[in-house]
Undergrad: 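Before anything else, here's the structure in question.
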Amino acid sequence: IKYNDLTEGANVTIEANVIEDTFDPEYAIDDDESTRWSGIGTYTDEGDWRKLTIDLGAEYEIGMFYFMFQSFQNSYKIMYKTESDEEWQNLITRKAPVDLMDEFVVPKTKARYIMFTTESTGFCSIFELDIYEYNENMKVEEETQSDVNIALGKTATSDNRPENQTYLPEFAIDGDILTR
């Protein structure tokens, strides 16, 4: 089945900070697996090197993503907005892929803007990012009983309350793999 890759549109734009001019964000969606976008940083860096934002040029119903990473060891989020949304909505949080390729189906979602973001330090480099328009043949993997987080929404406590509010006990069971 051939799906419609929304990143190939003439009105598509992409933005991100880069480590060098040779790793521009456009290379993540240029359909050329020999070019790439790269971001690198630490918690002390200024700027948003961890974010790659795509404007699809119009609203579409999205259904699937494909990533070909050059290097990546972190969990990440995909967020979205419609033309009328003011705030970003979380679409999916993913663990770092084992083999540097990650393809997955998401529930049909209306969006114009897509943001890839990671909150961890380290290096991120993407050869290719494809966003596919929803197709009725796309099947979202159903959660199995073993995938259910039974701690979600419960109370978490710790005898060691950190001074830094970044590492709170409730983050261990909040369902977000980017918090701790």
Side-chain angles (χ1 to χ4, degrees), residues 1-18 23-39 48-120 122 124-144 147-149 152 174-179:
I1 297 174
K2 175 82 170 135
Y3 297 119
N4 182 25
D5 181 1
L6 300 173
T7 63
E8 294 177 354
N11 296 324
V12 174
T13 58
I14 187 166
E15 297 178 355
N17 288 342
V18 294
F23 302 115
D24 287 336
E26 293 83 14
Y27 294 142
I29 60 170
D30 67 354
D31 219 17
D32 180 349
E33 294 179 354
S34 68
T35 61
R36 62 190 168 101
W37 164 75
S38 289
D48 272 338
W49 66 268
R50 298 174 187 96
K51 294 179 182 175
L52 185 68
T53 306
I54 300 168
D55 179 351
L56 297 173
E59 286 186 354
Y60 294 93
E61 290 181 337
I62 57 174
M64 188 167 71
F65 288 83
Y66 167 79
F67 284 90
M68 182 177 178
F69 293 100
Q70 186 265 339
S71 178
F72 195 58
Q73 299 110 12
N74 301 308
S75 301
Y76 64 95
K77 284 185 184 182
I78 302 291
M79 303 181 80
Y80 72 96
K81 289 194 317 185
T82 64
E83 291 177 357
S84 60
D85 288 336
E86 292 184 24
E87 300 293 323
W88 288 99
Q89 305 295 316
N90 189 31
L91 178 60
I92 193 166
T93 302
R94 302 279 296 177
K95 294 179 183 176
V98 175
D99 64 359
L100 298 179
M101 293 177 77
D102 202 9
E103 183 176 61
F104 52 93
V105 175
V106 295
K108 179 171 63 171
T109 304
K110 188 177 193 176
R112 174 175 176 166
Y113 305 97
I114 304 294
M115 182 191 305
F116 162 88
T117 182
T118 177
E119 296 177 1
S120 301
C124 177
S125 182
I126 299 174
F127 278 124
E128 213 47 51
L129 163 58
D130 297 332
I131 303 168
Y132 295 100
E133 190 169 18
Y134 174 79
N135 181 298
E136 62 191 29
N137 294 316
M138 295 175 176
K139 303 291 183 218
V140 178
E141 293 179 24
E142 294 192 24
E143 260 186 344
T144 63
D147 292 338
V148 175
N149 179 357
L152 190 63
D174 67 356
D176 185 346
I177 60 175
L178 297 180
T179 60

Undergrad: For Glu128 and Tyr27, work out which heavy atoms get closest and say how close.
TA: OE1-O, 4.0 Å
Undergrad: With side-chain contact (heavy atoms from CB on, under 4.5 Å) as the test, pick out the partner of Ile78 among Leu91, Asn90, Thr109, Ile131.
TA: Leu91
Undergrad: Identify the two heavy atoms, one from Trp37 and one from Ala28, that lie closest to each other, and give their separation to 0.1 Å.
TA: CB-CB, 4.0 Å
Undergrad: Check whether any side-chain heavy atom of Met101 sits under 4.5 Å from a side-chain heavy atom of Tyr66, and report yes or no.
TA: yes
Undergrad: Would you say Phe67 and Pro97 make side-chain contact, with heavy atoms under 4.5 Å?
TA: no
Undergrad: Please name the pair of heavy atoms, one in Asn135 and one in Asn137, separated by the smallest distance, quoted to 0.1 Å.
TA: OD1-N, 2.7 Å
Undergrad: So, do Tyr76 and Phe116 have ring centers that fall under 6.0 Å from each other?
TA: yes
Undergrad: Side-chain contact, heavy-atom cut-off 4.5 Å: Met138 with Tyr3?
TA: yes
Undergrad: Once you round to the nearest 0.5 Å, how far does OG1 of Thr53 lie from CE of Met79?
TA: 10.5 Å
Undergrad: Do you know the tightest heavy-atom contact between Asp102 and Lys95?
TA: OD2-O, 4.4 Å
Undergrad: Among all residues two or more places apart in sequence or in another chain, which pass the side-chain contact (heavy atoms from CB on, under 4.5 Å) test with Glu26?
TA: Ile14, Asp24
Undergrad: Could you list the residues that satisfy side-chain contact (heavy atoms from CB on, under 4.5 Å) with Asp32, not counting sequence neighbours?
TA: Asp30, Ser34, Thr35
Undergrad: By the salt bridge (charged side-chain N to carboxylate O under 4.0 Å, His left out) test, which pairs, at least two apart or in different chains, include something from residues 79-89?
TA: Glu83-Arg112
Undergrad: About how many Å separate CD1 of Ile126 and CZ of Arg36, when rounded to the nearest 0.5 Å?
TA: 11.5 Å
Undergrad: Indicate yes or no: at least one non-hydrogen side-chain atom of Ile114 is less than 4.5 angstrom from one of Leu129.
TA: no
Undergrad: Any idea which heavy atoms bring Phe127 and Glu33 closest together, and the distance?
TA: CD2-O, 3.2 Å
Undergrad: Nearest 0.5 angstrom please: Asp130 CG to Asp31 CG, how far?
TA: 6.5 Å
Undergrad: Ignoring hydrogens, what is the shortest heavy-atom contact between Lys77 and Thr93? Give both atom names and the distance.
TA: CG-OG1, 3.5 Å
Undergrad: Quick one: does Leu56's side chain get under 4.5 Å of Ile62's, heavy atoms only?
TA: yes
